[in-house]
**Q** 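Below is one structure. I have some questions about it.
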Amino acid sequence: MEATALSSGFNPLVKRNGYRVPRSCYQRKFVSLVRCDIKEISFGLNKESKLEGSSIAITRRGLSFKTNVFEQARSVAGDSSFDDVKTVKARSHVAEDKIGVLLLNLGGPETLNDVQPFLYNLFADPDIIRLPRPFQFLQGTIAKLISVVRAPKSKEGYAAIGGGSPLRKITDEQADAIQMALQAKNIAANVYVGMRYWYPFTEEAVQQIKKDKITRLVVLPLYPQYSISTTGSSIRVLQDLFRKDPYLAGVPVAIIQSWYQRRGYVNSMADLIEKELQTFSDPKEVMIFFSAHGVPVSYVENSGDPYQKQMEECIYLIMEELKARGVPNDHKLAYQSRVGPVEWLKPYTDEVLVDLGKSGVKSLLAVPVSFVSEHIETLEEIDMEYRELALESGVENWGRVPALGLTPSFITDLADAVIESLPSAEAMSNPNAVVSEDSESSDAFSYIVKMFFGSILAFALLLSPKMFHAFRNHII
């Protein structure tokens with residue numbers, strides 16, 4: 001599943017002819033803003049900086065910051081004087097710099113033939129399948145086995161929505177729309193698209209940014225809420241790429257960690273919900289059902305992932321806006337798309353739908369709150385699987401709020417976030433830091449060792465049906 005991908009630290013599987021570049025996504029620039037409600041995160045930055053609304057210190061040891069989602073009432077309520085100051089500062093940078101904006105997303109297979117290699121990239125991520133350190137060299141082998149086993153079922157899902165994910169096409173369209181919104185505000189910027197697990201990969205976008213000689217960059221993950229499994233994963237990849245390149249290491253970068261609390265996002269979500277409620281014969285009786293992508297509980301409890309907290313605050317803000325508009329409907333939040341035997345955030349979407357139906361809820365409006373683009377988890381999982389389950393459980397009237405996509409108010413707010421973030425950009429790492437030949441040799445040796453022992457394990461698994469079936473039943 002596209003939104004199940006979690007973290008960093010692997011080399012993506014690429015085709016022999018290299019990356020596929022979208023028609024125009026690399027003739028743009030990218031800009032981003034730092035704003036994250038997380039107790040403490042390190043990004044390896046090396047300069048001191050203070051940002052409005054957050055307690056942020058960028059040091060040689062890393063970036064640590066603490067925030068409260070409600071610390072910036074103006075991000076939701078608006079503050080024209082603040083916005084004016086930000087715009088003036090941003091335009092001063094525009095006159096001096098060549099600006100770029102990098103949109104980050106997960107990516108998805110565009111054809112059925114892409115499904116298995118896409119799944120390999122996803123499961124090769126060490127945060128998807130966490131192995132003990134002595135066994136981490138087996139990551140690629142295990143990813144290969146899982147991707148082969150899961151591919152047939154995943155292909156059925158993608159076949160049901162037209163044979164591939166629309167995520168790349170939609171993200172390209174969002175990039176074009178943001179570029180136009182910035183131009184309307186007199187900000188000239190190139191907008192790039194970088195995917196985590198499929199083409200165009202983040203690595204390719206970064207190379208194009210370097211080729212275009214971008215001098216100030218904003219990174220805008222297309223995830224409203226921050227998670228170490230989505231935004232965090234992509235940022236770690238960027239950090240590594242910038243650290244290894246002397247030119248990129250000196251480019252000022254601003255990263256928008258999360259933006260679920262912004263006025264434009266909250267209002268846009270409320271607009272879509274309010275509009276869809278009117279399609280029911282009795283809008284006031286409709287249960288508003290927020291379905292968010294889940295993450296393993298261990299991410300929250302052991303790794304300090306702020307995703308659950310931010311999601312709950314996000315729902316609170318949206319419902320408060322709806323109540324202010326005279327929409328007092330009941331609501332429920334649940335989490336979808338869990339995989340494997342580990343415990344994920346609860347309550348689970350499928351279980352809640354059954355309970356709601358049995359408890360007498362007759363009208364339900366599903367809201368895919370984690371997603372700003374249509375993809376397999378909205379088009380197949382929610383529209384097909386969950387809809388059928390709800391109707392079987394007693395729900396009679398089903399509706400679904402579309403993903404934000406190209407909603408004008410949403411696009412405009414993302415452009416505003418980019419502009420506001422420009423003055424806060426700082427270099428991500430030491431420009432003089434380079435990768436030594438010893439390090440490269442060590443990486444090559446490690447790769448050879450991993451391939452050797454990984455091949456032995458794969459051979460053993462394939463020759464042992466009992467072991468393979470046990471692996472399949474308990475891990476997959």
Side-chain angles (χ1 to χ4, degrees), residues 1 3-4 157 160-161 224-225 260 265-297 300 307-339 343-405 407:
M1 303 292 281
T4 311
I161 63 172
Q225 303 82 18
Y260 67 94
Y265 171 75
V266 172
N267 285 351
S268 296
M269 289 296 296
D271 289 343
L272 292 178
I273 293 171
E274 193 172 20
K275 179 180 179 181
E276 289 301 317
L277 284 173
Q278 299 308 310
T279 64
F280 290 83
S281 58
D282 190 355
K284 293 183 179 180
E285 297 300 318
V286 178
M287 168 73 73
I288 300 175
F289 182 70
F290 294 95
S291 187
H293 195 285
V295 299
V297 171
V300 176
Y307 177 75
Q308 183 180 23
K309 177 177 179 288
Q310 291 191 2
M311 182 59 67
E312 292 172 354
E313 291 170 339
C314 174
I315 303 307
Y316 172 82
L317 292 173
I318 293 172
M319 291 308 302
E320 284 298 297
E321 175 62 27
L322 287 171
K323 290 177 183 178
R325 301 181 183 190
V327 182
N329 295 53
D330 291 334
H331 73 281
K332 186 75 175 179
L333 168 63
Y335 296 90
Q336 67 180 82
S337 307
R338 69 185 187 277
V339 295
E343 182 181 5
W344 286 55
L345 291 181
K346 293 182 178 180
Y348 298 141
T349 292
D350 53 355
E351 295 179 357
V352 173
L353 286 174
V354 172
D355 292 341
L356 290 176
K358 291 181 178 180
S359 66
V361 172
K362 298 302 180 184
S363 298
L364 189 145
L365 178 62
V367 183
V369 69
S370 296
F371 317 109
V372 299
S373 304
E374 302 291 356
H375 63 306
I376 193 168
E377 291 179 0
T378 60
L379 300 174
E380 195 271 338
E381 193 169 5
I382 294 179
D383 287 354
M384 298 180 187
E385 294 181 24
Y386 292 149
R387 178 180 181 275
E388 181 179 359
L389 179 62
L391 296 178
E392 290 177 350
S393 302
V395 174
E396 297 177 356
N397 305 303
W398 169 277
R400 203 263 285 181
V401 171
L404 286 165
T407 302

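Here the structure is a predicted model, which is why all the values come from computation and not from measurement.
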**Q** Determine the minimum heavy-atom distance between Trp398 and Ile382, stating which atoms define it.
**A** CZ2-O, 3.6 Å

**Q** What is the distance from atom CG of Leu277 to atom NZ of Lys284, rounded to the nearest 0.5 Å?
**A**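 Atom-to-atom, Leu277:CG and Lys284:NZ are 12.0 Å apart.
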
**Q** Could you report the tightest heavy-atom contact between Glu374 and Thr378, atom names first, then the distance?
**A**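 Reported closest heavy-atom pair: OE1-OG1, 2.7 Å.
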
**Q** Assess whether side chain to side chain contact (heavy atoms under 4.5 Å, CB included) is satisfied between Arg325 and Asn267, documenting all intermediate values.
**A** CA-CA 11 Å; Arg325 301 181 183 190; Asn267 285 351; 3.9 Å; yes

**Q** Taking all non-hydrogen atoms of both residues into account, name the closest pair between Lys346 and Glu343 and its distance.
**A** CE-OE2, 3.8 Å

**Q** Less than 4.5 Å apart, any side-chain heavy atom of Lys362 and any of Glu285?
**A**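 Not touching, per the 4.5 Å side-chain cut-off.
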
**Q** Which heavy atom in Tyr335 sits nearest to a heavy atom in Leu345, and how many Å separate them?
**A** CB-O, 3.6 Å

**Q** Which residues pass the side chain to side chain donor-acceptor pair (under 3.5 Å) test with Tyr265, sequence neighbours left out?
**A** none

**Q** Find the distance between CD (Glu274) and CE (Met269) and round it off to the nearest 0.5 Å.
**A**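 Result: 13.0 Å between the selected atoms.
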
**Q** How far does NE2 of His375 sit from CD of Glu381, to the nearest 0.5 angstrom?
**A**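 Atom-to-atom, His375:NE2 and Glu381:CD are 8.5 Å apart.
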
**Q** Does atom CG (Asp330) have a neighbourhood of more than 12 heavy atoms from anything else shown, all under 6.0 Å?
**A** no

**Q** Contact between Tyr386 and Arg400 at the side-chain level, heavy atoms closer than 4.5 Å - yes or no?
**A** no

**Q** Does Gln310 use its side chain to pair, donor to acceptor, with the backbone of Tyr260 at less than 3.5 Å?
**A**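 Such a contact is absent between Gln310 side chain and Tyr260 backbone.
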
**Q** Apply side chain to side chain contact (heavy atoms under 4.5 Å, CB included) to the pair Arg338 and Asp350, showing each step before the final yes or no.
**A** CA-CA 10 Å; Arg338 69 185 187 277; Asp350 53 355; 3.2 Å; yes

**Q** Do the side chains of Cys314 and Val369 get nearer than 4.5 Å, heavy atoms only?
**A** yes

**Q** When Leu322 is tested against each of Ile288, Asn329, Asp271 for side chain to side chain contact (heavy atoms under 4.5 Å, CB included), which residue passes?
**A** Ile288

**Q** Does Tyr307 reach the main-chain N or O of His293 with its side chain, forming a donor-acceptor pair under 3.5 Å?
**A** yes

**Q** Going from CG on Leu353 to CG on Leu364, what distance comes out if it is rounded to the nearest 0.5 angstrom?
**A** 6.5 Å

**Q** Identify the two heavy atoms, one from Met311 and one from Ser370, that lie closest to each other, and give their separation to 0.1 Å.
**A** CE-OG, 3.4 Å

**Q** Among Leu365, Val361, Leu356, Val367, which residue meets the side chain to side chain contact (heavy atoms under 4.5 Å, CB included) test with Phe289?
**A**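 Exactly one pass, corresponding to Leu356.
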
**Q** From Ile318 CD1 over to Ile273 CD1, what is the distance, rounded to the nearest 0.5 angstrom?
**A** 5.5 Å

**Q** Compare every heavy atom of Glu380 with every heavy atom of Ile161, then report the nearest pair and how far apart it is.
**A**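 Heavy atoms only, the tightest pair is CG2-CB, 3.7 Å.
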
**Q** Would you say Glu276 and Pro402 make side-chain contact, with heavy atoms under 4.5 Å?
**A**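 Side-chain contact under 4.5 Å: yes.
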
**Q** Could you list the residues that satisfy side chain to side chain donor-acceptor pair (under 3.5 Å) with Thr349, not counting sequence neighbours?
**A**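 Partners of Thr349 under the side chain to side chain donor-acceptor pair (under 3.5 Å) test: Ser291.
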
